[in-house]
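In listed order, ligands and their atoms are each counted from 1. Since this is a predicted model, take the numbers as computed values, not measurements.
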Amino acid sequence: MKICFIQPFDTHRQYYAVIPSMGLASLAAVCENAGHDVRIIDALAQRLTPDQIAQHVQREHPDVAGITFFTPDHAAVQATVQALAQLDPRPVIVLGGPHPTFEPEQTLQSNPGADVLFMAEAENSFPVFLEELEKTAYAGHAAMRTPGAAFRNKDQVLTAPPPPPVDVNALPMPAWHLIKPETYPTAPNGIFSRHPRVAPVIATRGCRFNCAYCAVGRMLGHTVRTRDPESIVAEIQALRERGIGEIHFMDDSFTSDRDFVMRLCGALLNSNLRMPWACPNGVRLDSLDADVLRAMQRAGCYSFAVGIESGSQHILDSMNKGLDIETITEKVRLVRNTTNIKMTGFFIIGYPGETADDIERTIRLALALPLHRANFFNFTPFPGSRIYEKLKMRGALDGIDYSSLYIHKIAYAPEGITKKQLETLQKKAHLRFYMRPRIMAGLLSEIKSPAQVRTVIARAGSILFPHGQRQ
Ligand code: B12
Ligand code: SF4
């Protein structure tokens, strides 16, 4: 069969990161191994409108078109499905990714042109569906026999039980030859990459924690599945052969299995790859100790983010973060005293129950810690998280627009604070953090090229004026 995978693009939004879809790269590899002919259309990287996507798909003439779908892609996915459904002949239209996983009924109801959706990891289930589809002309019949699939039957949405977690060591290498990560925009996760050509790699799946604002547990489960370090080294080697000079591990929980991190660092050192790497998605502070940090630095790690979230203990507790301010302070100092790894603190402001005083405590903690950079994200209630369910039950999310659940939009403000006030507080937090001689001098010392100067100005603009457009 011929399959076209699509990463959608919202023409109205400014994206902070244009990164190849690792989910599609992994699915594509599995489908190729099963003998299918696969294409990947990254509409985000190529800035394709839904009509242009449909033209590309028309040219490829696939049996199945599969779209990956995060919640804020809602409007873009709807428009893409509509455009694809008008093609003649029309491919079977399939959706997958976080949003369909968490909101299967709503997804199929709001996308009448879509035939089937897949929940959770699909490397095992999607090939089963393709096999069944080869035997029957009707996508619903094929979906009925596939774990983790959902489809429409008259007015009802029927969902099969979720598939068991994938064995990450039984997967082939992601199909990087179909995505060509070396053609993507440089420095995707920040301005100060050591090498312009960066590729994302996932080394683990799942997280054993259960933070109330996070959807990872429902997506990938609460057991951390680690890949064989040798397979990670082989993937990095293959990426290097494509011209990639830096790796960003996009794991949720990269350091949570200490033994795994030590083995991976050992394998990276022995490989002589000598590639710089970073963990821009954040590592858990309580999983760090001096030996792990030194091993990471020796193996090439030069930067990571740490999830701190709040300077108020009662807010950390209501987030179920499992961290206290003392541990946060101790571990941030440990990183600073043990290594030269650059550290970005991630903070959330506007969490349910938060007051302006709590937010002030968060800003003060950020100022007191020896961090290099800080991001103050406005709290966003994402489907898949426990806080989303709680707020929805209370009616606090009535009329919420899925496409506005995005980093640059304030979709929710806690009682007693307006969205406008939150916007001002967020701006002030960034200004108070960055307008300090130590931080400014550190940033300036890292700038190596005119392109980085331009990116610094653009990033500062998006931090100071983040909510000016539909992003
Ligand atoms: C890397 C990452 C990113 C990268 C995206 C890289 C990319 N191009 O895919 C960046 C940094 C850009 C990013 C951005 C955002 N992200 Co993000 N991200 C992740 C992260 C950490 C890993 C995703 C990943 O690569 N996993 C590994 C691959 C193998 O899994 P996968 O992509 O889910 O794909 C599998 C299945 O979903 C399924 N599948 C996926 N697509 C399709 C398509 C078809 C047809 C089929 C059949 C199956 C299928 O099969 C795949 C293989 O098993 C996840 C957390 C997580 N662990 O899931 C959060 C996560 C997905 N992100 C999340 C969020 C909230 C965001 C943002 C909205 C953040 C923000 N505040 O703005 C933005 C939105 C991006 C957008 N599209 O608009 C939430 C999603 C919540 C939701 N309801 O959508 C997650 C779960 C994190 C969280 N804390 O809750 N993200
Ligand atoms: S925020 Fe991080 S630690 Fe908490 S559940 Fe999500 S991935 Fe795990």
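- Counting heavy atoms under 4.0 Å from ligand 2, residue Arg284 touches it through the side chain alone.
- For Glu121, heavy-atom contacts with ligand 1 shorter than 4.0 Å involve the backbone as well as the side chain.
- Under 4.0 Å from ligand 1, not a single heavy atom of Thr101 appears.
- Using the six-membered ring where Trp is involved, Phe5 and Phe126 have ring planes that are tilted, between 30° and 60° apart.
- Both the backbone and the side chain of Cys211 come within 4.0 Å of ligand 2, judged by heavy-atom distances.
- Here atom 28 (C) of ligand 1 lies nearest to Gly23 when heavy atoms of Gly23, Gly148, Cys4 are compared.
- Nearest to atom 78 (O) of ligand 1 by heavy atom, out of Arg205, Met119, Arg13, Gln7, is Arg13.
- When Asn281, Asp252, Val216, Val283 are checked for heavy-atom proximity to atom 2 (Fe) of ligand 2, Asp252 turns out nearest.
- Residue contact check for ligand 1: Val216 places a non-hydrogen atom closer than 4.0 Å to it.
- The protein non-hydrogen atom at the shortest distance from atom 8 (Fe) of ligand 2 is Cys207 SG, 2.3 Å.
- Heavy-atom contacts of Phe102 reach the following atoms of ligand 1: 83 (N) (cutoff under 4.0 Å).
- Considering Glu103, Lys409, Met250 only, the shortest heavy-atom separation from atom 4 (C) of ligand 1 involves Met250.
- Between Pro20 and ligand 1 there is a heavy-atom distance shorter than 4.0 Å.
- When heavy-atom distances to ligand 1 are checked against a 4.0 Å cut-off, Pro200 has no atom that comes that close, whether in backbone or side chain.
- When Ile407, Val18, Ile202 are checked for heavy-atom proximity to atom 26 (N) of ligand 1, Ile202 turns out nearest.
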